[in-house]
There are 2 protein chains.
Amino acid sequence: MNSPRPSGRPPVKARLSRDIVLAKALELVDAEGLDALTMRRLGQELGRDPMSLYRYAENRAALLDGVSELVLDQLPIHPEDPDWKAQLRSIAHNLRMLALQHPNVVPLLVTRPLSTPLGLRPLGTLRPLEQILALLAAAGFQPADALHVYRAYYGYLYGHILNELQEYVVDPEENEVLLRLGLHRLPAKEFPRLRALAPALADYDGATELDQGLTILLSGLEAQLSRQMAGSGA
Amino acid sequence: MNSPRPSGRPPVKARLSRDIVLAKALELVDAEGLDALTMRRLGQELGRDPMSLYRYAENRAALLDGVSELVLDQLPIHPEDPDWKAQLRSIAHNLRMLALQHPNVVPLLVTRPLSTPLGLRPLGTLRPLEQILALLAAAGFQPADALHVYRAYYGYLYGHILNELQEYVVDPEENEVLLRLGLHRLPAKEFPRLRALAPALADYDGATELDQGLTILLSGLEAQLSRQMAGSGA
DNA sequence: AGCGCTTGTCTACGTTGTAGACTTTACTCG
DNA sequence: CGAGTAAAGTCTACAACGTAGACAAGCGCT
């Protein structure tokens, strides 16, 4: 009966591939956090010996890099958009959404580059940088100015995302705001303002806050750069 | 001969204390990175059994929190400064310097809050927030607006620090810029702009870049808020 | 059928965090 | 001074981790 190929009590062992491995890794991280992503656990999740994973990633760190890459690859960037400010805005919102969808990956996005020199990063994680430089170049910025804009922009963007993810809610069921944020534990004399802000903290609207910051930053950058060109140029 | 108390080939075992433990932990992290901070290693460094550390920190995570706290406690904030923008600028530069002095701690600063609800964080890490709120309140901001300013400000600040630390140099001895940043490894067709920017990347002036961004952001925030007050208020 | 490369498995080692029972130290009180 | 107690430090042990290295199974060739 059991034909030799598609048989099996084990879930029909198909050949592994890097994509399959990384996809499962991301799934695991999303579901249970970074610590759950161990070689043994991932192997088990794939129905394979943990050691088989080393055919698709040099080591655990490389696996983590792969996961970062997988997420960043989902960030759409259109370097030919004639309206650079609108495009940067849209990228920002998309990255924010990605971060909210994969909050457990954010520490990776932020942390891994700190221990990897620019040139040695997974190419997928450098692509946004290159494409944003292209966008800004097409908008008429000099390379050095483009870099300047990129840094301020991406800096703010990452900062905002970190901020927003930090303020997450402990227990959404709780309807007393102080408790919902765990703020009741804070000594009232030392942290009066923070405690008083509980309601404001509780209904944080990340998207519009991000947008307002971007408005300020982008128009400010534009003004600064055009002023500077007027000063030095003709 | 050997008097019983101050004797000893072992380096005169004085009583431990939380401060001593944390200080040694920070020292170790600064010198050899986060991974070097294991319970066993820290114990060895202190001439004690690793298990003794558990009298001063519940577990390794709490130890890491303690290190964050230790660093953030070194950040001076003057909530009574009448010039709030100048004060925020000074805080920013001080935090930047702290980050440069303890680069290995930065991942902690950024990452630990992501897995700890606001109310459960080490108090030392919340103090900057409370104090900046006080600063802004003294400057006349409504609580909700103060929070708004804080978020944009701190977001940008953290983002900048992460950015700057990421662009660190692989090999300062190397005088070919492409090599110094490891950029030679990037495929030239896919990353033309990034490669071309090597010189600009190499002489990044983090302090002035931070300052310019802050100028834009802070004056933008001020303008936005006063405009909004003029609109709704009398 | 047989060769050779890729993929997956097995076994084994050193290292990690930490629970729990124990011993040593320091200090207080009679 | 000596007894008693609470704190500080130690010892032993365990489960889980990443991964090296030798090996087996599977596949596509001719």
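Quick caveat, the model's predicted, so the values are computed rather than measured. Note: hydrogens, waters and symmetry copies are ignored here, and every other heavy atom, side chains too, is used. Naming: A, B, ... by sequence-line order, numbering from 1 per chain.
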In chain order, what residues pass the side chain to side chain contact (heavy atoms under 4.5 Å, CB included) check against B:L70, with sequence neighbours excluded? B:L22, B:L26
Within residues 189-205 of chain B or reaching into it, pairs that qualify as salt bridge (charged side-chain N to carboxylate O under 4.0 Å, His left out) - sequence neighbours excluded: A:R127-B:E190
In whole Å, what is the span from the CZ atom of B:R41 to the P atom of C:dT16? 10 Å
B:Y154: what forms a ring pair (Phe, Tyr, Trp, His ring centres under 6.0 Å) with it, not counting sequence neighbours? B:Y150, B:Y158
Grab the CG-P distance between A:L42 and D:dA16 for me, whole Å please. 17 Å
Take atom CZ of A:R48 and atom P of C:dC10, then tell me their distance rounded to the nearest Å. 12 Å
Within this structure, what is the CG-to-P distance between A:D49 and D:dT19, rounded to whole angstrom? 14 Å
Nucleotide C:dT16, atom P - distance to CG of B:L63 in whole Å: 15 Å
Under the 3.5 angstrom rule, does the side chain of B:S52 hit a backbone N or O of B:D49 as a donor-acceptor pair? yes
For DNA chain D, find the residues of residues 28-40 of chain A with a heavy-atom distance under 4.0 Å and give them by number; none if there aren't any. A:T38, A:M39, A:R40
Step by step, would you call A:E209 with A:H160 a side chain to side chain donor-acceptor pair (under 3.5 Å)? CA-CA 9 Å; A:E209 195 118 352; A:H160 171 88; over 6 Å; no
Under 3.5 Å: donor-acceptor pair, side chain of B:Q87, backbone of B:H78: yes
In whole angstrom, give the distance that lies between atom CE of A:M51 and atom P of C:dT11. 13 Å
Using a strict heavy-atom distance below 4.0 Å, which residues from residues 52-61 of chain B are in contact with DNA chain D? B:S52, B:R55, B:Y56
Regarding B:E164 and A:R151, does a basic nitrogen lie under 4.0 Å from an acidic carboxylate oxygen? no
Donor-acceptor pairs are to be reported for all side-chain atoms of residues 31-39 of chain A against protein atoms at under 3.5 Å, with residues two or more places apart or in another chain.
unit_1 : atom_1 : unit_2 : atom_2 : d
A:E32  : OE1    : A:R41  : NH1    : 3.1
A:E32  : OE2    : A:R41  : NH2    : 2.8
A:T38  : OG1    : A:R41  : N      : 3.0

